[in-house]
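Everything below concerns the one structure shown next.
Letters A, B, ... are given to chains in the order of the sequence lines, protein chains preceding strands, and every chain is numbered from 1. As a basis for the values below, the full set of heavy atoms in this structure was taken, side chains included, without hydrogen atoms, waters or symmetry mates.
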Amino acid sequence: SQQGEEDPQALSIQEGENATMNCSYKTSINNLQWYRQNSGRGLVHLILIRSNEREKHSGRLRVTLDTSKKSSSLLITASRAADTASYFCATDHAGANNLFFGTGTRLTVIP
Amino acid sequence: GAGVSQTPSNKVTEKGKYVELRCDPISGHTALYWYRQSLGQGPEFLIYFQGTGAADDSGLPNDRFFAVRPEGSVSTLKIQRTERGDSAVYLCASSPGLNLETQYFGPGTRLLVL
């Protein structure tokens, strides 16, 4: 079974608006990553946040992590039509040899 | 440099047939991972190689699935007696050693079993 769950499952916004996606996970982690996927194919790494970090920024992306609630959020500011994609969180926890992915949020940005 | 490549990009087969999916990792990457992604879901781990050996195959769903990496570079995922439920996108990723912080994913192979 998958490690995490994301909400919303789908999100539709106007270009220029901000998009927020949330991820919850079940067990203690070393770090949490966010990936983007276009058209159900290859995954592109966006940002990584370590378990001892609470917030991280990269360009228009802001990620927060609350280990007490086992949750993370990804904020995309000033969205563009090109941001339309599926976004997945992935966790890395002690003893595991692989990443555990969430169920994903399908983001549609309307021009 | 070249990223992770996977062939074929699409594969259609009939129930009961045998298929092979190939992954070419980034040159020099010792770790290689296979994931399977069903429609509307996130990727799920299948198997992980460190060099030539399968270090963790706990994600393989049953004994119809097998993977090899004989020379520590290219890997082949083999599925025997395919079933309709095997239809999914099969993703390969590589990294320089066991480092889950830097996995580079290929474009995937979309398998459809009729």
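Contacts between B:S9 and chain A at a heavy-atom distance below 4.5 Å involve backbone atoms as well as side-chain atoms. Proximity to chain A (any heavy atom under 4.5 Å) is shown, for B:Q103, by both the backbone and the side chain. For chain B, the nearby parts of A:L43 are the backbone and the side chain; heavy atoms of each come within less than 4.5 Å.
Between B:Y104 and B:H29, the distance separating the two ring centers is shorter than 6.0 angstrom.
Under the 4.5 Å side-chain heavy-atom criterion for Ile, Leu, Val, Met, Phe, Trp and Tyr, A:F88 and B:L46 are members of distinct hydrophobic clusters.
Nearest heavy-atom pair across A:V63 and A:S72 is CG1-OG, 3.7 Å.
Taking the six-membered ring for Trp and thresholds of 30 and 60 degrees, B:F105 and B:Y35 have ring planes inclined between 30 and 60 degrees apart.
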